[in-house]
Amino acid sequence: MLRFSNRRLFSSARVLAEAVTKKHDVVVIGGGPGGYVAAIKAAQEGYNTACIEKRGALGGTCLNVGCIPSKSLLNNSHLFHTIQHEAKGRGIDVAGVEINIGNFQKAKETAVKQLTGGIEMLFKKNGVTYYKGAGSFIDEHQVKVDPIEGGEELTVQADNIIVATGSEPSPFPGIEVDEERIVTSTGALALKEIPKRLVVIGGGIIGLEMSSVWSRLGSEVTVLEFQDAIGAGMDGEVAKATQKFLTKQGLKFQLGAKVTKGVREGDVVKIEYEDVKKGTTTEIEADVLLVAVGRRPYIEGLGAEKLGLDIDNRGRLVIDSEFKTKFPHIRVIGDVTFGVMLAHKAEEEGIAAVEYIKNGHGHVNYGNIPSVMYSHPEVAWVGQNEQQLKEAGIKFKVGKFPFIANSRAKTNQDTEGFVKFLADAETQRVLGVHIIGPNAGEMIAEAGLALEYGASTEDIARVCHAHPTLSEAFKEAALGTFGKTINF
């Protein structure tokens with residue numbers, strides 16, 4: 001009788017253990033752009049797929065506190081600025097225009113909620129199991145999930161694991177962030193009042209986009225940049241032109257500025273910076289200090305070290321050309337590994353990683369990853385810039401066309417900027433395209449297509465572009481690399 005009871009107890013324990021161990025073909029850790037795309041693709045390929053995400057909302061930094069909310073603020077602040085300063089010149093008389101900061105932020109939050117909820121619907125549609133919790137490695141095939149909404153821990157077992165844990169704002173040594181007066185991009189997106197004085201450490205895309213938002217709403221903005229140029233990654237000519245139009249919009253720039261202190265004292269932040277060339281020190285005050293000095297890979301709590309995954313000196317997980325770690329069935333994509341930290345780069349890698357699992361081959365063209373700064377005008381580029389071509393000893397020709405000579409831009413009263421082509425001097429093959437102008441972020445896709453298929457600038461110039469459109473400037477700039485432009 002006793003033996004029978006023991007056997008029943010053992011059997012019950014085994015059933016309980018099996019109940020909290022979930023088995024899948026593919027498990028993705030991280031539900032950001034790379035992770036959720038990889039999960040959907042894997043499910044579409046017929047794999048039993050799960051995605052683990054601890055934020056409580058899918059979409060990662062991009063949808064929750066990055067790309068999407070920032071675009072809402074950028075678009076709506078630009079609309080406000082246009083009504084305030086340009087409506088009269090367009091024959092529209094408007095009076096009493098004000099910003100309701102509460103509703104301004106609410107519009108952002110509505111967009112975010114709709115999009116993150118949309119991904120959950122896509123998971124259901126494609127049959128992806130969604131675990132709301134923090135995932136950490138137990139061993140190379142098992143991942144522990146700590147639920148964020150209560151309940152017992154569970155173990156997820158998988159034949160293939162894709163790590164897509166993303167990145168977080170890089171800290172600045174000696175400056176303590178409170179997300180109220182000293183903020184990262186996350187806090188800058190959620191300010192409850194318009195700061196009279198905003199100081200931004202970092203002249204990269206994130207810093208400049210946030211500078212644009214709050215400047216349009218009335219903040220006095222000063223950007224402190226350590227390098228001697230803004231817009232890391234931009235073509236040199238484009239960076240100078242970008243600084244020029246942002247200065248015209250009211251932003252102040254201190255280049256070659258090494259920040260040595262940023263301390264909150266009540267409702268004021270005191271900042272000190274040193275002129276790198278002169279060695280002089282300046283102190284300024286701000287209502288809000290934005291620390292925007294880049295991002296770093298996020299692997300906290302993952303258990304990568306415990307598993308013995310290789311980590312480089314920048315905190316990135318090391319992979320081979322097929323996204324594999326030292327364990328061939330564990331792959332890594334997105335911000336947590338090499339390359340530019342862009343959502344669309346992570347998405348491409350998510351698709352390719354699944355294709356490697358399914359077919360043994362995949363593809364991401366790292367020479368054709370576009371970058372966009374959503375200021376107004378927008379700044380976008382893809383391929384190589386002049387500095388890179390000169391360093392590589394590649395002979396090239398330049399073709400440029402200004403939007404001031406474009407009929408659609410003229411009628412829109414939106415003529416700032418130009419399209420710039422860099423083409424091989426002998427073959428005219430497109431090597432890089434750089435655009436400052438209205439809808440640059442959309443137009444750059446045509447450049448990406450040209451790069452992907454090895455088009456020449458003559459190929460582009462011979463394609464009929466609709467009139468009147470902004471894209472005619474694209475055609476004319478291509479023409480300028482081997483002939484003479486028609487309208488300028």
Side-chain angles (χ1 to χ4, degrees), residues 61-90 92 94-115 179-181 183-223 230-231 242-253 286-292 372-380 412-417 436-442:
T61 294
C62 177
L63 263 69
N64 289 279
V65 290
C67 322
I68 298 304
S70 66
K71 300 307 143 325
S72 172
L73 299 190
L74 281 158
N75 182 71
N76 293 339
S77 64
H78 174 61
L79 181 60
F80 172 70
H81 187 270
T82 300
I83 293 170
Q84 265 198 325
H85 300 282
E86 298 178 26
K88 189 173 182 179
R90 297 171 185 269
I92 304 169
V94 182
V97 181
E98 296 179 353
I99 275 287
N100 181 318
I101 196 70
N103 287 338
F104 181 73
Q105 291 288 10
K106 186 178 179 181
K108 172 204 73 179
E109 290 156 10
T110 298
V112 169
K113 187 175 181 180
Q114 289 173 340
L115 287 167
E179 297 296 12
E180 292 179 353
R181 293 290 174 178
V183 302
T184 64
S185 56
T186 301
L189 289 167
L191 295 178
K192 295 177 182 178
E193 59 183 31
I194 301 167
K196 184 177 179 181
R197 300 163 299 175
L198 173 68
V199 171
V200 180
I201 304 176
I205 289 179
I206 294 173
L208 296 177
E209 286 187 348
M210 289 298 93
S211 295
S212 293
V213 168
W214 297 107
S215 173
R216 292 166 185 165
L217 301 185
S219 296
E220 180 184 301
V221 180
T222 301
V223 178
I230 64 167
T242 298
Q243 184 179 338
K244 186 176 179 180
F245 79 69
L246 289 173
T247 300
K248 195 161 57 176
Q249 291 175 10
L251 274 64
K252 297 177 182 177
F253 292 92
D287 301 293
V288 173
L289 171 65
L290 167 59
V291 180
V372 184
M373 185 174 84
Y374 297 87
S375 51
H376 192 89
E378 293 179 348
V379 184
N412 290 350
Q413 297 182 29
D414 202 357
T415 57
E416 185 84 59
I436 298 176
N439 288 344
E442 303 294 336

- Aromatic ring pairing Trp214/Phe104, orientation class (parallel under 30°, perpendicular over 60°, tilted between): perpendicular

- Using side chain to side chain donor-acceptor pair (under 3.5 Å) as the criterion, list what pairs up with Glu416, not counting sequence neighbours. Lys248

- Message: With heavy-atom distances below 4.5 Å as the criterion, would you say the side chains of Thr184 and Glu179 are in contact?
- Response: yes

- Task: Keeping the roles fixed (side chain from Arg216, backbone from Gln249), state whether a donor-acceptor pair exists under 3.5 Å.
- Result: no

- Note on the structure: For Asp287, the side chain to side chain donor-acceptor pair (under 3.5 Å) test, sequence neighbours excluded, returns Arg197

- Item | Sequence-distant partners of Glu220, salt bridge (Lys or Arg N to Asp or Glu O under 4.0 Å), two or more places apart | Lys252

- Roughly how far apart are Asn439 CG and His376 NE2, rounded to 0.5 Å? 8.5 Å

- Query: Atom CD1 of Ile68 and atom CG of Leu115: how far apart are they, to the nearest 0.5 Å?
  - Reply: 5.5 Å

- Query: side chain to side chain contact (heavy atoms under 4.5 Å, CB included) with Ser70: which residues, sequence neighbours excluded?
  - Reply: Leu189, Glu209, Met210

- Message: Using 0.5 Å steps for rounding, measure from the CD1 atom of Ile230 to the CG atom of Leu208.
- Response: 5.0 Å

- Residues in side chain to side chain contact (heavy atoms under 4.5 Å, CB included) contact with Asn412, at least two apart in sequence or another chain: Arg408, Asp414

- Selection residues 98-112 - residue pairs positive for side chain to side chain donor-acceptor pair (under 3.5 Å), sequence neighbours left out: Gln105-Lys108

- Task: Return the minimal non-hydrogen interatomic distance between Leu290 and Ala188, and the atom names on each side.
- Result: CD1-CB, 4.0 Å

- Message: Is the shortest side-chain heavy-atom distance between Gln413 and Glu86 below 4.5 Å?
- Response: no

- Query: With sequence neighbours left out, what residues match Thr415 under side chain to side chain contact (heavy atoms under 4.5 Å, CB included)?
  - Reply: Ile404, Ala409, Lys410

- Message: Going by the rule salt bridge (Lys or Arg N to Asp or Glu O under 4.0 Å), which residues pair with Lys192 if we only count those two or more places apart in sequence or in a different chain?
- Response: none

- Query: So do Leu246 and Ser212 actually touch side chain to side chain, heavy atoms under 4.5 Å?
  - Reply: yes

- Measure across Cys62 and Pro69 and return the closest heavy-atom pair with its distance rounded to 0.1 Å. O-CD, 3.6 Å

- Message: Ignoring hydrogens, what is the shortest heavy-atom contact between Pro377 and Pro438? Give both atom names and the distance.
- Response: CB-N, 4.1 Å

- Query: Can you tell me how far the CE atom of Met373 sits from the CD1 atom of Ile436, to the nearest 0.5 Å?
  - Reply: 8.0 Å

- Pairwise side-chain contact, Gln243 with Thr247, heavy-atom cut-off 4.5 Å (strictly under): yes

- Query: Which pair of heavy atoms, one from Ala440 and one from Ala380, lies closest together, and at what distance?
  - Reply: O-CB, 3.5 Å

- Which heavy-atom pair separates Ala107 from Asn76 by the least distance, and what is that distance? CB-ND2, 4.0 Å

- Query: For Glu180, what residues pass the side chain to side chain contact (heavy atoms under 4.5 Å, CB included) criterion, not counting sequence neighbours?
  - Reply: Asp178, Arg264

- Note on the structure: Residues at least two apart in sequence or cross-chain that pass side chain to side chain donor-acceptor pair (under 3.5 Å) with Ser215, listed by chain then number, are none

- Could you go through the side chain to side chain contact (heavy atoms under 4.5 Å, CB included) check for Ser77 and His81 one step at a time? CA-CA 6 Å; Ser77 64; His81 187 270; over 6 Å; no

- Note on the structure: side chain to side chain donor-acceptor pair (under 3.5 Å) filter on Asn64, not counting sequence neighbours, yields none

- Separation between CG (Leu217) and CG (Leu198), nearest 0.5 Å, reads 11.0 Å

